[in-house]
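Here the structure is laid out as structure tokens; the discussion comes afterwards.
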Amino acid sequence: MAELTYRDAVAAGIAQEMERDERVVFLGEDVAAAGGVFKATVGLLDKFGPKRVRDCPISEQAILGAAMGAAMTGLRPIAEIMFSDFLAVCWDIVANEIAKSRYMTNGQISLPLVIRTANGAGSRFGAQHSQAVENWAMMIPGIKVVAPAFPADVKGLLAAAVRDPDPVLFFEQKSLYSMKGEVPDGEYVDELGKAKVLRQGKDCTIVALASMVHKALDAAVILEKEHGIACTVIDLRSLVPLDTQTILGEVGKTGRLFTVEENPRLCGWGAEIVSIVAEECFWNLDAPIVRITTPHVPLPSADLLEDNTIPSVARIVREIRQKMDY
Amino acid sequence: MAELTYRDAVAAGIAQEMERDERVVFLGEDVAAAGGVFKATVGLLDKFGPKRVRDCPISEQAILGAAMGAAMTGLRPIAEIMFSDFLAVCWDIVANEIAKSRYMTNGQISLPLVIRTANGAGSRFGAQHSQAVENWAMMIPGIKVVAPAFPADVKGLLAAAVRDPDPVLFFEQKSLYSMKGEVPDGEYVDELGKAKVLRQGKDCTIVALASMVHKALDAAVILEKEHGIACTVIDLRSLVPLDTQTILGEVGKTGRLFTVEENPRLCGWGAEIVSIVAEECFWNLDAPIVRITTPHVPLPSADLLEDNTIPSVARIVREIRQKMDY
Amino acid sequence: MKSATNKKSPAPPAIEIGRETKSELYRLQLELRYCEKRAYDLFLQNLIKGTSHLSLGQEAIAAAFGVAMRPDDWTFCTYRGHAHTLARGASMEGVLGELMGRQCGLLGGKGGSMHLTDVAKGAMGSYAIIGAHLPVAAGAAWSAQYRGTEQVAVCFFGDGTTNIGAFHEALNFAAVWKLPVVYVCENNLYMEYTPISEVTAVEHPAADRASAYGLPSIIVDGNDADAVFKIASDALAKARAGGGPSLIEAMTYRHSGHSRADPGKYRPEGELEQWLLRDPLVMYRDRLLKEGFNEPTLKDMESIAMGKVDAATATAKASPLPSIDDIEKNVWADGGAAWRN
Amino acid sequence: MKSATNKKSPAPPAIEIGRETKSELYRLQLELRYCEKRAYDLFLQNLIKGTSHLSLGQEAIAAAFGVAMRPDDWTFCTYRGHAHTLARGASMEGVLGELMGRQCGLLGGKGGSMHLTDVAKGAMGSYAIIGAHLPVAAGAAWSAQYRGTEQVAVCFFGDGTTNIGAFHEALNFAAVWKLPVVYVCENNLYMEYTPISEVTAVEHPAADRASAYGLPSIIVDGNDADAVFKIASDALAKARAGGGPSLIEAMTYRHSGHSRADPGKYRPEGELEQWLLRDPLVMYRDRLLKEGFNEPTLKDMESIAMGKVDAATATAKASPLPSIDDIEKNVWADGGAAWRN
Ligand SMILES: Cc1ncc(C[n+]2csc(CCOP(=O)(O)OP(=O)(O)O)c2C)c(N)n1
Ligand SMILES: Cc1ncc(C[n+]2csc(CCOP(=O)(O)OP(=O)(O)O)c2C)c(N)n1
Ligand SMILES: [Mg+2]
Ligand SMILES: [Mg+2]
């Protein structure tokens, strides 16, 4: 086990797959010579050369379209969209083309490709560079959706995404890029669609994703220590496929569910999970299900405002404590 | 009261507002000389002239961008995006620009504009021309979302949308364009954010939108007649603002909630409503909440396949009947 | 009536077209014409639902490329893609069956008229959202370049498509990466119901923009299969040789409305009639006769083509409907649609 | 080092620039320069968070347009928009305050560096997603045209922006509708860290594409405020007179990195140094001296500008932080954020 940053785990995951499989190519804006604006792809150009690691014009539709065309003709492209907010400028290629091609052609077209993108808030970048848009992708049938919270998962899930025969949208949490963690050495491949129970408690279940996993874990410690509330914390890791068995199993045990989402409130992934639990786990529920989300507003940029908009550890603790008093 | 088609109610609503207010202008592809591919805007060019009713190139970003620039400088544009699926090619302008501008500028920029678009399935147009994407819009803070089911609502809510000081995405159901209904004569303006209870029953509450309202109503008749199940049917009419009071009130009475959604399953508006009810109306619930949706697949085109993909009256009846046996 | 001009074009390539090739070009144009007409009849009989966009009048372009391309080249088409798909050798019953929503359809009834695809024949999909397939074609070309296969991607689209952003991104991208892709704009003078000249800042929506991507301006008479064949062969050879992309504007006209729903009333009186005088099939037949093909040979070809269409129609009509189980198939590579465990 | 060329440009307009105007041009360039430098200092002191994109080296363009525009004209800028916003008369404390996330900020801390806006001064927003504001500017121009106000929209963007779809759509749209909008491409040779020449099919990313929209190709030395002022005045007059849009490529160079995070290491050695010799402020000062302005006058102007920046800094620093209540304000016109009843 080596200690790697989340950012270096990205490069490690890509490198592992490029070494293994010559069909894996990588393209994006400023990703090659500059190693990416988040420095998550440093060294790849040197290692694999300009034929496989390519800088692109500011043409997101062309970048994803090219990845799609290459994937359907035998390559396994990894494309970077610098900030997940920019998925909006190429949303047609994601939602209408990549996600639908296999189905529309009744299985003729395969698109083994990965779209990596930096997601989420916390850097004071303002409303157009800070969104958590994993629910945009979850809504669309035909694309898998992954969002790791730890460096090891970054490497293992990225490798799994590259090997997956279906298109995967891989959300990297930009506020976690400098986080360090143990990452298995050598070839390491994880499995898509498996949530992880990071902590077990009898009182309630918290489901979280990416940056919110860390906040949920911190909140759980405080809730236990200071308020005697024992929480189970589930890191979803992927939204599609969704590990409903783990969720239903854990909620079944605690009878209480809280979701912690960075996305704005309406139609977030938490709502989907609530709807599954409210249908399939209803009789095991002891109390209302509560979603803790960013309010339904665009993100403000000033430190004070941003910090008080996305769910904080303090807010998670407060809301769970209040609601557990029911 | 005159009997108008849903399609003619569109033209009537636009005409009413253009007559009243010279700042109202209308642009889109094939909307002027041809009167729109769905013939929903026939006659407007003749009535208001080429300065106010304008045909555009196939440039959806330019169309919505132009509407936005015009709105912030004093006009009140209505822009047509021919099929709602095409919102994907201009999603940045909708989600990142139009929806966020007022907030990011702390209220300096106002965008009184309406985006009209033909939404939904039932015409054998295939996966790229049949989507119900109202949840794409509902996810984004800063834009209102309206989807009428009846000709009168088309006229009244379209007028309300034009007069609203905020941007509104107005989803017209393409399968309903030839549906006829009574529409109030003369100036008629409705109110955004009010759901309508179309039918009241003691056993369960069905929440539906647009095309699904008609299916829910038909299902309710059958459920009552053939199975003795009395349903309340709510037509949401608008997703943002969302009339949660009406929903919570009605669910409070019946203790049972079903949503009927045309969108594919994941993160549909029904999930959001379930999450609100499961938090705020939990203690009044008598049984699991059930969402009846299109399965999470792109839409197939053949008659048989399309008809069996979107929720049918028969399926609504079947699911509600089965679940009411709990 | 605008006609094709060569004013800005490079000297036509010195390709001589042999008799066998000419025969192929005629055969293919016939099949495309008859099959499209059949599709129209089947609409009228309500056997085809939804929408459909015919290429009647534009067949010379699809046919010429179909003949000029290598079997392992790739075609990318629009919703107006029946002809281009057939021109790559996709089966007629596969096409008609798909339009009728039958099991024998190329897509088993999943896609419909606007998404015809036959990967085995190199027909890599029909795309119904304007512009989307231009970058996708660039990607296929990149894959060929990367693997050194000398395959070429050919991407067809209309005049109206030149005004959408994806056109611009794809052309620049292809030019910078010197990709083996041929972009073919079929200028039929209309984007749906609107004359292209009313919504475009230049006279030739593709050719007048080629220089924005460092490419030569190429305009060809899209109703002359030989002329298109020559230009196509040249562009394909250039791409195969590593010379990068081409952008070709082929001037043509559709005889029918934009789609099934459209009677084409917005056209000025007499315009269609003038273009019918330049019907690619009529012109080509006349030329073949002048060049020594004899009437019985041509008649034979015509009845063979019609027979093929009739047989395909019968097969497609006899094909069962798809199964409801298909709805939840083929979202994923494992054949299913599961999003959860 | 690429330098500005006029080879494809029309003859420069015969505008004579008066002494007062020259003085204005110098004053504005000074203020932009000093304020940007101050912004940089405040980063280093960690008083400004997030990202920030400075215009150091590119001030002549913003200043020249600022002086040439009518007060009721509209500016649309990018994330690199401090200078353009200030050039319209937005208050310096409003700009610095916003960068520092203070209540006195132009956006009350809601938007930050990348979204500076001052509607009262005609600064209609800074847009951080490449290309988006080009169609928005066209829309404002449409509104002016519709209402007959003779206002003009001016839209600034970088060389890298010419490769995104929205650029293409906006230019064609503006040209077809003959809108009073001036598109100004500031070609500083880089899109972030990548040389523009590596990702663009033509040498001049804007000017070499003007013909694709039926527009003349215009290249100007973006480091020469007088030259830009002349071209700007001409384009604004043309737009006001109903002559439609212009596309101007101004050759320039940024002295600092792309953003706060960027040390600019990708630049070839000596490149920056050569461009520093063409620093727009140094060149302009030299010219003013040659044209009879005297040293004390210039020194005065410089200390006045610096004083203004100092005062604004002090005000901004003294301004309170925004209130947490602001988070749920101004989503809607009613001032609130309610999505439900
Ligand atoms: C993004 C998008 N906008 C609009 C449409 C609707 N539409 C379908 S075909 C068409 C006209 C296309 O014209 P052209 O490119 O000239 O092709 P043609 O139909 O003439 O072959 C339009 C506007 C679409 N499918 N996609
Ligand atoms: C759609 C989109 N893609 C990528 C980016 C990231 N990005 C920000 S600035 C920039 C480079 C822009 O270059 P240029 O247009 O030359 O402007 P400059 O920064 O040089 O002023 C990029 C790629 C973005 N903001 N939006
Ligand atoms: Mg056309
Ligand atoms: Mg630049």
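Order of the sequence lines sets the chain letters (A, B, ...), proteins ahead of strands, with each chain counted from 1. Quantities reported herein were computed from a predicted structural model and do not represent experimental measurements.
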(request) Classify the side-chain pair Tyr146(D)/Arg23(B) by whether it contains a donor and acceptor separated by less than 3.5 Å. (result)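 Not at all, the side chains of Tyr146(D) and Arg23(B) share no donor-acceptor pair under 3.5 Å.
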
(message) With no hydrogens and no angle check, just 3.5 Å: does a side-chain donor-acceptor pair link Ser143(D) and Thr73(B)?
(response)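 Yes, Thr73(B) and Ser143(D) have a side-chain donor paired with an acceptor closer than 3.5 Å.
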
Heavy-atom closest pair, residues [X] and [Y]:
X	Y	value
Asp166(B)	Val331(D)	OD1-O, 4.4 Å
Cys56(B)	Phe173(D)	SG-CE1, 3.9 Å
Glu60(B)	Glu169(D)	N-OE1, 3.4 Å
Ala170(D)	Ala62(B)	N-CB, 4.4 Å

Let me know if [X] has heavy atoms under 4.5 Å from chain D in its side chain, its backbone, both or neither.
X	answer
Gln108(B)	both
Lys100(B)	neither
Leu248(B)	side chain
Asn96(B)	side chain
Ser110(B)	neither
Leu27(B)	side chain

(request) Give a yes or no on whether Lys238(D) atom NZ has more than 12 heavy-atom contacts from other residues, nucleotides or ligands under 6.0 Å away. (result)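 Enclosed: over 12 neighbouring heavy atoms sit under 6.0 Å from NZ of Lys238(D).
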
(request) Count the heavy atoms of every other residue, nucleotide or ligand shown that sit under 6.0 Å from CD of Glu22(B), and state whether that count exceeds 12. (result)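 No - once you tally the heavy atoms of other residues, nucleotides and ligands closer than 6.0 Å, there are 12 at most.
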
Are the side chains of [Y] and [X] in contact, using a 4.5 Å heavy-atom criterion?
X	Y	result
Met72(B)	Trp74(D)	no
Pro165(B)	Trp332(D)	no
Asn172(D)	Pro57(B)	yes
Thr117(D)	Ile109(B)	yes

(request) Using a cut-off of under 4.5 Å on heavy-atom pairs, state which of Ile93(B), Asp243(B), Val240(B) scores highest against chain D. (result)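 Of the options given, most contacts go to Asp243(B).
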
(request) Take Glu280(B) and Arg340(D), measure what salt bridge (Lys or Arg N to Asp or Glu O under 4.0 Å) needs, and give me the verdict at the end. (result) CA-CA 13 Å; Glu280(B) 301 176 32; Arg340(D) 61 177 286 184; 2.7 Å; yes

(request) Using non-hydrogen atoms and a 4.5 Å limit, figure out which bit of Leu171(D) sits close to chain B: side chain, backbone, both or neither. (result)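 When you check distances to chain B, no heavy atom of Leu171(D) falls under 4.5 Å.
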
(message) Can a donor-acceptor pair be found, under 3.5 Å and without considering hydrogens, that links the side chain of Tyr103(B) to the backbone of Glu328(D)?
(response)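 It does not hold such a pair.
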
(request) Give a yes or no answer on whether the side chain of Asn106(B) reaches the backbone of Lys110(D) with a donor-acceptor pair at less than 3.5 Å. (result)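 No, because the side chain of Asn106(B) does not come within donor-acceptor range (under 3.5 Å) of the backbone of Lys110(D).
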
(request) Count the heavy-atom pairs under 4.5 Å between each of Ala141(D), Ala166(D), Gly165(D), Ala128(D) and chain B, then report the option with the highest count. (result)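 That would be Ala166(D).
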
(request) Look at Gly131(D), Gly108(D), Ala132(D), Ala138(D) and state which one has the largest set of heavy-atom pairs under 4.5 Å with chain B. (result)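 The residue among Gly131(D), Gly108(D), Ala132(D), Ala138(D) with the greatest pair count is Ala132(D).
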
How long is the gap from [atom1] on [X] to [atom2] on [Y], to the nearest 0.5 Å?
X	Y	atom1	atom2	answer
Thr105(B)	Asp118(D)	OG1	CG	10.5 Å
His168(D)	Ser59(B)	NE2	OG	7.0 Å
Lys51(B)	Gln145(D)	NZ	CD	8.0 Å

